[in-house]
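Reading through the structure tokens given below for one structure.
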2 protein chains.
Amino acid sequence: MLSMRAEIISVGTELLLGHIVNTNASFLSKRLASLGIDVYHHITVGDNPIRLADALNEALTRSGIIITTGGLGPTVDDITLRTIGSAMSRAMVFEKKIAKYIKLYFKKSNIRKIPKDALRQAYVPRGALWFENKVGTAPAILIPHGKKIIVSLPGPPRELVPLFEKSIIPYLRKKGFAGNWIIKTRTIKISGFAEVDVNNAVKDLLSMGPYTTLGIYAHLGEAHLKITSKAKNEKTADREIKKVEAIIRKRLGNYVYGADNETLESVVGEMLTKKKLICAVAESCTGGLISNMFTNVSGSSKYFKMGIIAYSNTAKVELLGVPEEKIEKYGAVSKEVALSMAEGIKKVSGADISLATTGIAGPTGGTTKKPVGLVYIAAIGYKLKMVKKYRFSGNREEIKLQTSISALNLIRAVL
Amino acid sequence: MLSMRAEIISVGTELLLGHIVNTNASFLSKRLASLGIDVYHHITVGDNPIRLADALNEALTRSGIIITTGGLGPTVDDITLRTIGSAMSRAMVFEKKIAKYIKLYFKKSNIRKIPKDALRQAYVPRGALWFENKVGTAPAILIPHGKKIIVSLPGPPRELVPLFEKSIIPYLRKKGFAGNWIIKTRTIKISGFAEVDVNNAVKDLLSMGPYTTLGIYAHLGEAHLKITSKAKNEKTADREIKKVEAIIRKRLGNYVYGADNETLESVVGEMLTKKKLICAVAESCTGGLISNMFTNVSGSSKYFKMGIIAYSNTAKVELLGVPEEKIEKYGAVSKEVALSMAEGIKKVSGADISLATTGIAGPTGGTTKKPVGLVYIAAIGYKLKMVKKYRFSGNREEIKLQTSISALNLIRAVL
């Protein structure tokens with residue numbers, strides 16, 4: 001059925017100059033897929049009426065749902081609606097209600113003088129439906145055209161996303177544009193296991209299909225397994241996903257730390273909360289990143305007591321009580337100092353569990369014996385006292401991130 | 001001249017499903033613009049030979065340089081080269097030298113058994129030039145076609161970028177495909193000034209043109225002004241950019257903190273180094289983010305002595321010596337406690353300059369009197385002792401980031 005196929009036309013010279021990345025096309029594609037609507041083409045053209053009209057006419061020959069993004073601003077460069085109007089032989093008409101909410105928007109934003117051209121955005125092609133933009137001025141436009149529809153969305157993602165979710169999707173569902181199948185996905189997150197090993201563990205599942213598929217996505221310090229199920233309804237999709245998830249969890253065991261929106265820090269936070277444990281961190285090479293990750297979780301003040309970034313040797317001695325002799329004998333980057341830092345922060349904070357990191361984040365400071373990427377992580381408390389040695393590669397920020405993830409994973413594994 | 005116009009065709013069903021964002025199109029567009037080559041269309045199609053052939057034939061009617069990305073893998077789903085070959089009536093031929101480097105690649109990667117289909121990637125359309133991929137197996141392909149060329153690049157950005165930079169760009173320059181003008185850009189970075197005020201300060205410059213243009217890009221806590229100059233040569237471009245930059249710097253003065261790759265933390269770091277000052281941080285609501293930003297700069301151990309993340313009240317009292325009475329009387333989020341934290345960390349660390357933050361990052365913990373987003377930042381030392389009150393909006397991470405940027409900007413402004 002033709003009307004089930006959608007096409008996305010992005011309008012904006014800034015896209016063709018590479019000044020911005022087209023995240024709208026991928027967002028819309030993902031959402032359309034989840035509604036069972038196929039997308040066969042993405043087209044990007046500049047702020048040029050002739051090339052936009054060409055793209056529009058071509059799209060109408062092959063797709064039932066045409067979605068344009070961008071070019072809805074108030075300036076003369078913003079050509080989308082005028083071009084659609086003239087391609088479909090519809091006059092532009094002034095919608096008083098749009099003008100009214102635009103004025104209100106400026107008032108609420110404490111802008112007293114409405115810019116001269118702002119009300120241009122109240123003109124829409126005759127017969128168009130429009131949907132109020134709650135976080136900007138340009139409305140979303142929907143033009144029924146025989147059995148097809150043309151949808152125009154503003155370019156800024158923070159305006160496009162809510163308009164699509166709250167206005168366009170309900171329309172598509174109500175009018176029967178959504179497909180007779182749906183797509184669901186679930187992402188299983190793994191840490192502490194090399195990507196190649198994850199790959200080997202699930203190799204046979206990677207060629208499943210055609211309705212349920214598995215993909216591996218490597219991230220710094222973690223791997224994500226994305227299960228996608230295309231099914232007649234949610235129940236079937238959920239059942240298929242559950243089956244695959246069970247196999248993955250059985251094979252990868254405790255290396256699986258969470259799914260979907262869960263992060264390593266949120267999972268560790270939940271574990272600490274559940275066991276009523278307080279944690280504290282002494283960071284050298286991670287320089288505050290572990291504390292920052294911990295405190296990105298709302299409610300972390302319940303279990304994260306404090307962090308000390310002992311970046312200099314004197315800070316390690318004075319704040320954490322690391323014996324100077326240890327630093328002299330073994331060096332600041334050593335398992336002895338890592339352990340001593342973890343002991344120090346545990347004592348200072350009175351926390352149940354403490355973590356400490358010391359290493360060489362680079363790009364300078366490495367030697368043959370202690371190269372860039374050498375890191376020691378120590379954890380003390382709650383049944384454990386351990387220190388592990390790592391050799392990470394990458395740039396400074398990558399080494400910091402891998403260290404922080406490994407540190408969080410270290411306490412996750414024992415909790 | 002037709003050959004100066006390029007078109008990018010991205011191939012991959014994963015793009016149409018929204019599983020990945022098309023960063024290749026923006027990367028290539030930006031680089032092509034810098035060579036004076038116009039891009040008027042981006043097209044994305046799935047792994048479908050018919051739709052790819054259609055896109056290819058259409059592109060050949062309007063562009064002189066056609067660049068495809070993706071679909072060069074070793075599986076039957078990878079259709080790009082076969083489709084190009086058949087669209088141009090060229091047989092596929094086996095290139096021994098490609099096979100050789102692919103085998104070598106697997107050997108270097110310690111993979112003993114070469115996957116069955118890997119050598120499919122050694123087949124290219126007859127008459128094609130190819131360029132070795134140093135970080136993967138698929139070569140870049142370039143097919144001269146009359147006065148036009150078709151270039152095929154592998155999809156993974158880490159393979160595409162070096163192949164384009166090191167193999168394709170030199171070819172384009174040598175063969176006269178690069179335009180007879182160049183584009184240069186420079187980004188001026190501003191902090192501590194609202195975007196709307198930046199906009200007002202440079203309003204007249206935003207409508208310059210057509211050869212030198214200015215754009216405003218808002219980021220959390222900062223604004224970037226991007227000067228773009230299109231000119232006959234680098235010298236002219238540099239001169240035009242310098243002119244505009246001088247005007248901006250004159251108008252915005254000390255609000256300009258840097259340009260291009262400079263970050264607030266690198267600029268502050270340089271200032272501290274130059275003045276031989278040591279700095280330390282006491283963080284509550286920012287939870288380690290300021291320390292993390294400081295230590296993202298290589299060499300920061302020279303001027304960043306330590307950070308204390310005093311997330312709990314007891315940590316503020318025990319580690320920073322904040323009087324308990326102050327917390328009781330004014331609350332942990334108050335200018336009195338912020339100042340006392342800054343005094344405490346200065347004393348503990350012996351640093352020349354200290355910074356402290358306390359606030360409510362949300363989403364919970366706010367009250368009518370002290371709402372989410374209320375933040376106090378104190379700075380002590382080197383000619384200053386100050387505390388400032390802020391009201392930020394946004395989610396937890398956004399409030400943390402805005403606080404950290406404001407804190408760095410606070411000490412930048414006085415250094």
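A quick note: this is a predicted structure, and the numbers were derived from the prediction, not measured. We name chains A, B, ... by the order of the sequence lines, and we start the count at 1 in each one.
The minimum heavy-atom distance linking Leu15(B) with His42(A) is given by the pair O-CE1, 3.3 Å. Counting all heavy atoms, side chain and backbone alike, Pro363(A) lies closest to Ser298(B) at CD-OG, 3.2 Å. The two residues Val348(B) and Glu318(A) have their closest heavy-atom pair at O-OE1, 4.1 Å. Between Asn292(A) and Thr286(B), the shortest heavy-atom contact is OD1-O, 3.8 Å. Residues Phe304(A) and Ile309(B) come closest through the heavy atom pair CE2-CG2, 3.8 Å.
Note that CG of Leu289(A) is 12.5 Å distant from CE of Met293(B), once rounded to the nearest 0.5 Å. Note: Tyr311(A) OH to Lys305(B) NZ = 15.0 Å, rounded to the nearest 0.5 Å.
Lys347(B) NZ: 12 or fewer foreign heavy atoms inside a 6.0 Å radius. Surrounding NZ of Lys302(A) are at most 12 heavy atoms belonging to other residues, nucleotides or ligands under 6.0 Å away. More than 12 heavy atoms of other shown residues, nucleotides or ligands fall within 6.0 angstrom of atom CG in Asn200(A).
In this structure, the side-chain contact (heavy atoms from CB on, under 4.5 Å) partners of Lys230(B), at least two apart in sequence or on a different chain, are Trp181(B), Ile183(B).
Contacts with chain B were tallied for Lys226(A), Glu58(A), His41(A), Arg51(A); Arg51(A) has the most, counting heavy-atom pairs under 4.5 Å. Ranked by non-hydrogen atom pairs under 4.5 Å with chain A, the options Val297(B), Thr185(B), Thr314(B), Ile290(B) are led by Val297(B). By number of non-hydrogen pairs under 4.5 angstrom with chain A, the leading residue of Ala33(B), Ala55(B), Gly287(B) is Gly287(B). For the set Gly307(B), Ser291(B), Cys285(B), Ala25(B), the entry with the most heavy-atom pairs within less than 4.5 Å of chain A is Gly307(B).
In this structure, chain B has heavy atoms under 4.5 Å from both the backbone and the side chain of Ser300(A). Neither the backbone nor the side chain of Phe294(A) comes within contact range of chain B; no heavy atoms are under 4.5 Å apart. In this structure, the portion of Leu319(A) lying under 4.5 Å from any heavy atom of chain B is its side chain and not its backbone. When heavy atoms are compared at a cutoff of 4.5 Å, Lys316(A) does not approach chain B at all. For chain B, no part of Phe27(A) is nearby; none of its heavy atoms comes within less than 4.5 Å.
In terms of modelled atom types and a separation under 3.5 Å, the side chain of Lys30(B) and the main chain of Ile20(A) share no donor-acceptor contact. Although no hydrogens or angles enter the test, the distance criterion places a donor-acceptor pair under 3.5 Å between the side chain of Arg396(B) and the main chain of Thr295(A).
Side chains of Glu397(B) and Asn296(A) form a contact here, defined as non-hydrogen atoms less than 4.5 Å apart. Looking at Leu17(A) and Ser29(B), their side chains never come closer than 4.5 Å, going by heavy atoms from C-beta outward.
For residues 14-23 of chain A, the side chain to side chain donor-acceptor pair (under 3.5 Å) pairs, not counting sequence neighbours, are Ser10(A)-Asn22(A).
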